[in-house]
Amino acid sequence: MIYKKLRLVADLGAERTLSAQRGSEKIVIEVKSFINPSFIYDLERAVGQYIIYRNFLRRTAPDCQIYLALTQLTYKANFDETIQVVVDENQLKLIIVDADNEIISQWIR
């Protein structure tokens with residue numbers, strides 16, 4: 001995505017079919033591994049990047065929605081009620097991935 005002189009590259013662009021009645025939703029997915037020793041450091045970077053991308057998407061492709069993708073293991077180990085405050089306040093949309101089976105296990109809006 002290019003906004004003025006700034007070029008941003010998200011990890012994936014895709015379309016996810018919601019239902020026959022609702023048509024399809026254009027999405028951008030930012031995949032994060034959360035592998036640093038500090039989960040909070042990774043979270044700060046992921047949320048910051050998510051917000052920046054969302055802001056520019058609203059101006060360049062308002063019909064696209066951005067999702068943050070992370071593994072089921074990361075989600076279960078770290079996304080407790082404390083971190084849920086960050087998710088809620090920043091209106092993060094999440095995709096939870098079962099890395100072992102390489103499938104999406106949950107969409108969180």
Side-chain angles (χ1 to χ4, degrees):
M1 133 189 44
I2 298 174
Y3 181 72
K4 301 196 180 204
K5 294 180 181 181
L6 184 63
R7 179 174 168 77
L8 301 171
V9 180
D11 293 321
L12 302 170
E15 289 191 13
R16 173 175 66 103
T17 301
L18 296 176
S19 70
Q21 293 81 19
R22 294 183 70 187
S24 63
E25 176 185 17
K26 293 179 184 175
I27 65 172
V28 173
I29 303 169
E30 184 58 30
V31 179
K32 291 297 175 196
S33 57
F34 291 88
I35 59 172
N36 285 306
S38 170
F39 169 76
I40 293 298
Y41 175 80
D42 280 344
L43 182 66
E44 289 171 347
R45 291 183 50 102
V47 170
Q49 191 172 19
Y50 179 98
I51 291 170
I52 289 169
Y53 283 12
R54 183 178 61 199
N55 291 344
F56 289 122
L57 273 173
R58 286 179 178 161
R59 295 178 185 271
T60 61
D63 58 332
C64 284
Q65 298 294 314
I66 187 163
Y67 284 81
L68 176 64
L70 52 137
T71 66
Q72 217 169 356
L73 182 62
T74 298
Y75 183 73
K76 286 180 179 180
N78 299 290
F79 281 70
D80 58 14
E81 67 261 359
T82 304
I83 301 304
Q84 191 60 43
V85 170
V86 175
V87 172
D88 294 344
E89 289 293 322
N90 292 286
Q91 301 173 350
L92 304 180
K93 295 178 181 169
L94 305 175
I95 295 174
I96 311 305
V97 178
D98 177 344
D100 294 333
N101 295 310
E102 298 181 356
I103 60 169
I104 294 173
S105 60
Q106 194 173 4
W107 294 83
I108 302 174
R109 301 193 76 183

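Bear in mind that the values here come from a model prediction, so they are computed numbers and not experimental data. Just the heavy atoms: all of them, side chains too, but no hydrogens, waters or symmetry mates, feed the values below.
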Hydrophobic clusters here meaning ILVMFWY residues chained together by side-chain heavy-atom distances under 4.5 Å, can you tell me if [X] and [Y] are in one?
X: Ile52; Y: Leu94; value: yes
X: Tyr41; Y: Leu92; value: no
X: Ile108; Y: Leu68; value: yes
X: Val97; Y: Leu73; value: no

With side-chain contact (heavy atoms from CB on, under 4.5 Å) as the test, would you mind laying out the steps for Gln106 and Tyr75 before giving the verdict? CA-CA 11 Å; Gln106 194 173 4; Tyr75 183 73; 4.3 Å; yes
For a 4.5 angstrom cut-off between non-hydrogen side-chain atoms, does [X] reach [Y]?
X: Tyr67; Y: Gln65; value: yes
X: Arg54; Y: Gln91; value: yes
X: Phe34; Y: Leu43; value: yes
X: Glu44; Y: Ile40; value: yes
X: Ile27; Y: Trp107; value: yes

Looking at [atom1] of [X] and [atom2] of [Y], how far apart are the two atoms once the value is rounded to the nearest 0.5 Å?
X: Ile103; Y: Ile96; atom1: CD1; atom2: CD1; answer: 12.5 Å
X: Ile95; Y: Thr71; atom1: CD1; atom2: OG1; answer: 13.0 Å
X: Arg58; Y: Cys64; atom1: CZ; atom2: SG; answer: 13.0 Å

Short question: side chain of [X], backbone of [Y] - any donor-acceptor pair under 3.5 Å?
X: Asp42; Y: Asn36; answer: yes
X: Tyr50; Y: Glu30; answer: no
X: Thr74; Y: Leu70; answer: no

Are Asp80 and Gln84 close enough that a side-chain donor and a side-chain acceptor fall under 3.5 Å? no
Minimum heavy-atom separation for Asp98 to Ser105, with atom names? N-OG, 4.2 Å
